[in-house]
S.K.: 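I have a structure I would like to understand better, so I am pasting it below and will then ask my questions one at a time.
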Amino acid sequence: MQQFFDFPIKPAYSFDGFVSCDGNAAALQFARRIADPADAENLLYLHGPAGSGKTHLLKAIAHSLCPAETACYLSCRDNLSAHELVARFNGVPILVVDDLHLLPDEAALRAALWQVFNDFYSSGRKVALAGLLPPRELPYLDDHLISRLLWGLVARVDASDDHSRRMILRKIADDRQVRVPDDVVDYILMTASREVGDLIAAFEALFRLSMAEQRRITLPLARQSRELMQGRGIAP
């Protein structure tokens with residue numbers, strides 16, 4: 001009989017909770033180095049498709065080195081002025097910036113980011129950044145900053161192959177302490193998009209349905225869950 005537990009749907013970002021596979025092993029290794037105060041390496045840039053784990057690794061780094069994780073982490077999705085950006089990182093031990101590909105085309109903001117980066121890098125403090133694109137393909141980034149990114153550790157993060165996606169599903173199921181039959185795993189892999197975020201969303205919807213109806217996770221339940229997602233316009 002399957003047991004049911006009221007676990008949070010989104011686990012805390014940590015290195016232990018990160019699923020390592022061929023497509024992200026180097027990124028995980030580099031992230032652990034940046035998170036180690038004893039390691040002399042102080043600059044990391046991660047790039048790769050959406051949902052591949054870049055944010056997970058950045059937040060794991062921030063959590064390791066910054067008592068108030070949110071004070072050290074910034075996404076370029078946030079609407080900050082140049083002054084607010086500089087003030088945000090005043091006095092914190094590490095600079096963590098996500099979604100660099102979304103940096104607005106604003107000269108003042110671009111200059112502020114370069115100023116903050118240069119202050120951290122020149123003082124030997126740790127810097128970790130990420131975006132969808134490799135450094136040279138990032139739009140609206142200061143040329144000096146692009147050059148500096150290439151001096152540090154650079155790694156692509158990609159978990160879109162079937163082996164990696166299967167490992168992620170198994171890890172999520174283990175975290176929830178539920179058994180997921182192979183045919184259900186195969187069904188989710190076949191019907192969800194290749195983006196890891198969509199894969200996780202499909203499993204989470206199935207898990208919630210299983211919890212709500214107190215039913216085992218089976219192939220019929222997985223089909224029902226997908227139909228419900230499609231009815232809500234969530235699944236393609």
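Computed over heavy atoms, backbone and side chain alike; hydrogens, waters and symmetry mates excluded. As the structure is a prediction and not an experimental result, all values here were calculated from the model.
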S.K.: Do L102 and L129 belong to the same hydrophobic cluster, where Ile, Leu, Val, Met, Phe, Trp and Tyr are linked whenever their side-chain heavy atoms lie under 4.5 Å apart, directly or via other members?
M.R.: no
S.K.: Is there a donor-acceptor pair closer than 3.5 Å between any side-chain N or O of S64 and the backbone N or O of A35?
M.R.: no
S.K.: Applying a strict under-4.5 Å side-chain criterion to I, L, V, M, F, W and Y, I'd like to know whether L43 and L150 cluster together.
M.R.: no
S.K.: Can you find a pair of side-chain heavy atoms, one from F89 and one from D119, that are under 4.5 Å apart?
M.R.: no
S.K.: What's the spacing between E106 CD and L80 CG if we round to 0.5 Å?
M.R.: 10.5 Å
S.K.: With a 4.5 Å heavy-atom cut-off, do D99 and H101 have their side chains touching?
M.R.: yes
S.K.: Would you say R136 and L149 make side-chain contact, with heavy atoms under 4.5 Å?
M.R.: no
S.K.: Which atom pair, heavy atoms only, marks the closest approach of C76 to L103?
M.R.: CB-N, 3.9 Å
S.K.: Where is the tightest heavy-atom contact between E41 and G152, given as atom of each residue plus distance?
M.R.: OE2-CA, 4.2 Å
S.K.: Any ion pair linking D174 and R170 (charged N to carboxylate O, less than 4.0 Å)?
M.R.: no
S.K.: For the pair D175 and K171, evaluate salt bridge (charged side-chain N to carboxylate O under 4.0 Å, His left out) and give the outcome as yes or no after the intermediate values.
M.R.: CA-CA 6 Å; D175 288 343; K171 170 63 175 175; 3.4 Å; yes
S.K.: For the pair K54 (side chain) and P49 (backbone), establish whether a donor and an acceptor sit closer than 3.5 Å, ignoring hydrogens and angles.
M.R.: yes
S.K.: Within the side chain of S52, is there an N or O that forms a donor-acceptor pair under 3.5 Å with the backbone of V157?
M.R.: yes
S.K.: Distance-only, no hydrogens or angles: does the N24 side chain make a donor-acceptor pair with backbone N or O of C21 under 3.5 Å?
M.R.: yes
S.K.: Passes side chain to side chain donor-acceptor pair (under 3.5 Å), S75 versus D78? Steps please.
M.R.: CA-CA 6 Å; S75 168; D78 300 336; 4.9 Å; no
S.K.: Step by step, would you call R33 with D36 a salt bridge (charged side-chain N to carboxylate O under 4.0 Å, His left out)?
M.R.: CA-CA 5 Å; R33 289 188 61 185; D36 182 358; over 6 Å; no
S.K.: Starting from the C-alpha separation in whole Å, work towards a yes-or-no answer on side chain to side chain contact (heavy atoms under 4.5 Å, CB included) for L113 and L141.
M.R.: CA-CA 9 Å; L113 179 60; L141 209 62; 4.0 Å; yes
S.K.: Taking the side chain as every heavy atom from C-beta outward, state whether L74 and D98 have any pair of such atoms under 4.5 Å apart.
M.R.: no
S.K.: Report the C-alpha separation of S123 and R125 in whole Å, then their side-chain angles, then the decisive distance to 0.1 Å, and conclude whether the side chain to side chain donor-acceptor pair (under 3.5 Å) test is met.
M.R.: CA-CA 6 Å; S123 64; R125 286 176 288 173; 2.9 Å; yes
S.K.: Given side chains that start at C-beta, do those of Q224 and R215 come closer than 4.5 Å, heavy atoms only?
M.R.: yes
S.K.: Report the C-alpha distance between I188 and L169 in whole Å, list the side-chain angles of each, state the deciding distance to 0.1 Å, and finish with yes or no for side chain to side chain contact (heavy atoms under 4.5 Å, CB included).
M.R.: CA-CA 9 Å; I188 296 175; L169 279 179; 4.0 Å; yes
S.K.: Are D182 and V184 close enough, and set up right, to give a side chain to side chain contact (heavy atoms under 4.5 Å, CB included), and what steps lead you there?
M.R.: CA-CA 5 Å; D182 289 341; V184 173; over 6 Å; no
S.K.: Check for me whether K126 meets the cation-pi criterion with F120, that is, NZ or CZ under 6.0 Å from the six-membered ring centre and within 45 degrees of the ring axis.
M.R.: no
S.K.: Test of understanding: with side-chain contact (heavy atoms from CB on, under 4.5 Å), list the residues that count as partners of D22, not counting sequence neighbours.
M.R.: none
S.K.: Name the one of D105, D142, D143 that satisfies salt bridge (Lys or Arg N to Asp or Glu O under 4.0 Å) with R110?
M.R.: D105
S.K.: Show every ring pair (Phe, Tyr, Trp, His ring centres under 6.0 Å) that has at least one partner inside residues 127-175, sequence neighbours left out.
M.R.: W114-H144
S.K.: I'd like to know if the side chain of E204 reaches the main chain of A201, judged simply by a donor and an acceptor atom lying under 3.5 Å from each other, with no hydrogens or angles considered.
M.R.: no
S.K.: Show your working on side chain to side chain contact (heavy atoms under 4.5 Å, CB included) between D39 and I34 and close with a plain yes or no.
M.R.: CA-CA 7 Å; D39 196 303; I34 296 297; over 6 Å; no
S.K.: Would the distance check show the side chain of S225 and the main-chain N or O of L221 forming a donor-acceptor pair, the cut-off being under 3.5 Å?
M.R.: no
S.K.: Would you call V154 and F30 a side-chain contact if the rule is heavy atoms closer than 4.5 Å?
M.R.: no
S.K.: Is the shortest heavy-atom distance from the side chain of L58 to the side chain of T55 under 4.5 Å?
M.R.: no
S.K.: For L65 versus P93, what's the shortest heavy-atom pair and its separation?
M.R.: O-CG, 3.4 Å
